[in-house]
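Please read the structure below before turning to the comments.
Numbers here are sequence positions counted from 1. The figures that follow rest on heavy atoms only: side chains count, while hydrogens, waters and symmetry mates do not.
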Amino acid sequence: MLIYIYCNIFHVILFLFVSGGCKKRLSTSNIALFALFTFTLFSLTACSDNDDDDTSSALTSANVVEVVFSPSSFGDLGYNDIILTGLEESRKRLGFDVVMHVPPSVEDGIAIYNKWAQKDAKGERRLFIFASNQYESALRNSTVRPSDANSTVLLYETHQPIEGIYTFRIGMYGAAYLIGAYTALTNNEESDYKAAVLAANPFDRNVDGAAQGFRDGFLEAGGADATISYISDKDGDGYNMPDEAYDLCTRLYESGHTFFFPVAGGSNKAVYQFSRNNLLGSAGIDGDMSAYSGLMNCSLVKNIGSATGDFIALWLGKKEIPQHQDFLWDSGYVSVIYCHDCKETDAQGIETFKNNIIGKEAEYEKSK
């Protein structure tokens, strides 16, 4: 079974080594993660630099999953790489073919979808996955839908249903609330301890959940200030703006903020780099980001690979699937891991905040 990636794999691997302008040698954990990612990628892929190539002759299963990732997405050891690993695990377990694309822009991703939707399934069962809510606005404004009953479309990380498309999201408020509280409790000897949340833009509600959750937990646990700042003021922007993210970190640091929590996709790496270069604390997001900094206390892990595999299993089994699903703290698809030598028990009183997560998250969801 072959997976085709619309990208240059050499550039993906090179990007993994040098993304964010890393100025230190790869740590042992970096090397291990790189090896795992490279093994997974090459165990799955044959490259196609031309999306007009006909890949249908290489497909061997009657069930085909086609995935469009966010532009320039692989190599961050986070969200998209977790999806990639989840797809491979599901493919081995369930048996289906996968076609994958990493387009240079949202417009190119939509063009790939439009072409797919116009094709006849020809006896296949087809699932098209938009693995990023960066495509949400374009899909809501589009009337293009597959006409045959054997074709299904799924969009990740949106809050509202879209006609003719399955949607789900993994809410981050609860996990971020716990990280914010943990950060304040483990730095309570500093009376003026200030944290900063760097969010992609003010329009992405999923980003807002993480930003507000961290801020609420941090302040309730005694932190002095948790500023939410935006890398961009444009809808759908801020996710791949590392230079702007680094400059924003500089300004926040100059105003007294010494802990950073990024919620900005590909821009996150610049925040990790800034905190590493200046020996400042940070928290990671999407996956285990501890390889990026020895001063990282926690990572918010979105188990998007498991959510993807579970959806595909239901789809393959022709089970009833809700048109829209919200996966919150109690779903098991989002969690917090503690990095390096940090332990949950380091934060005296953290159990109180853990017990409050579901209630606080429900309040936030109701307010939106």
Side-chain angles (χ1 to χ4, degrees), residues 15-30 33 75-79 172 175-176 178-190 192-200 207 210-211 213-215 217-218 221 223-232 238-301 336-343 346-347:
F15 177 70
L16 183 59
F17 271 105
V18 301
S19 59
C22 182
K23 296 180 180 179
K24 68 176 185 178
R25 293 184 179 180
L26 288 175
S27 65
T28 302
S29 55
N30 268 329
L33 287 167
D76 59 358
L77 307 180
Y79 189 81
M172 297 186 286
L178 182 61
I179 291 176
Y182 179 86
T183 300
L185 290 172
T186 52
N187 291 278
N188 56 12
E189 71 282 357
E190 297 184 39
D192 194 33
Y193 192 63
K194 297 180 180 179
V197 180
L198 287 87
V207 167
F214 179 92
R215 184 177 187 275
F218 186 85
D225 179 50
T227 299
I228 300 174
S229 298
Y230 299 101
I231 297 169
S232 174
Y239 304 100
N240 290 292
M241 300 174 66
D243 292 341
E244 290 81 356
Y246 199 95
D247 289 343
L248 181 56
C249 285
T250 301
R251 295 194 296 273
L252 288 165
Y253 178 50
E254 290 172 348
S255 64
H257 296 82
T258 55
F259 186 93
F260 296 90
F261 179 52
V263 195
S267 299
N268 292 348
K269 291 184 294 297
V271 180
Y272 303 143
Q273 182 193 358
F274 181 88
S275 62
R276 184 175 65 245
N277 290 350
N278 292 278
L279 302 179
L280 301 172
S282 64
I285 194 166
D286 293 334
D288 181 359
M289 298 289 110
S290 59
Y292 282 99
S293 173
L295 295 178
M296 188 172 288
N297 65 351
C298 308
S299 272
L300 187 159
V301 177
V336 173
I337 61 171
Y338 296 90
C339 304
H340 307 298
D341 295 328
C342 296
K343 301 182 296 294
D346 294 337

Locate the shortest heavy-atom distance separating A200 from V207; write the atom from each residue and the value. N-CG1, 4.1 Å
CZ-CE distance between F259 and M296, expressed to the nearest 0.5 angstrom: 8.0 Å
Between A245 and I231 the two heavy atoms that sit nearest each other are CB-CD1, 3.8 Å
For H340 and L295: C-alpha separation, side-chain torsions, deciding distance, then whether side-chain contact (heavy atoms from CB on, under 4.5 Å) applies. CA-CA 8 Å; H340 307 298; L295 295 178; over 6 Å; no
Can you name the closest pair of heavy atoms from I179 and A283 and give their distance? CG2-CB, 3.8 Å
Minimum heavy-atom separation for A226 to R215, with atom names? O-NE, 3.2 Å
Spacing of CG belonging to N297 relative to OG1 belonging to T183, to within rounding of 0.5 Å: 4.0 Å
Can you name the closest pair of heavy atoms from A264 and L198 and give their distance? CB-O, 4.1 Å
For G238, does its backbone N or O pair with a side-chain atom of S267 as donor and acceptor, under 3.5 Å? yes
Carefully, step by step, assess N277 and Y246 under the rule side-chain contact (heavy atoms from CB on, under 4.5 Å). CA-CA 11 Å; N277 290 350; Y246 199 95; 3.2 Å; yes
For Y239, what residues pass the ring pair (Phe, Tyr, Trp, His ring centres under 6.0 Å) criterion, not counting sequence neighbours? none
Atom pair CG/CZ of L280 and F274 - distance to nearest 0.5 Å: 6.0 Å
Donor-acceptor contact below 3.5 Å, side chain S299 vs main chain I337: no
OH of Y182 to OH of Y338, rounded to nearest 0.5 Å, is 6.5 Å
Nearest 0.5 Å please: distance from the CG atom of L185 over to the CZ atom of F218. 10.0 Å
Could you report the tightest heavy-atom contact between T258 and F260, atom names first, then the distance? C-CE1, 4.3 Å
What do the steps show when you test E254 against L252 for side-chain contact (heavy atoms from CB on, under 4.5 Å), and what is the final call? CA-CA 5 Å; E254 290 172 348; L252 288 165; over 6 Å; no
Inter-residue atom distance L300.CG - F261.CZ, 0.5 Å rounding: 5.5 Å
Assess whether side-chain contact (heavy atoms from CB on, under 4.5 Å) is satisfied between M289 and N268, documenting all intermediate values. CA-CA 10 Å; M289 298 289 110; N268 292 348; over 6 Å; no
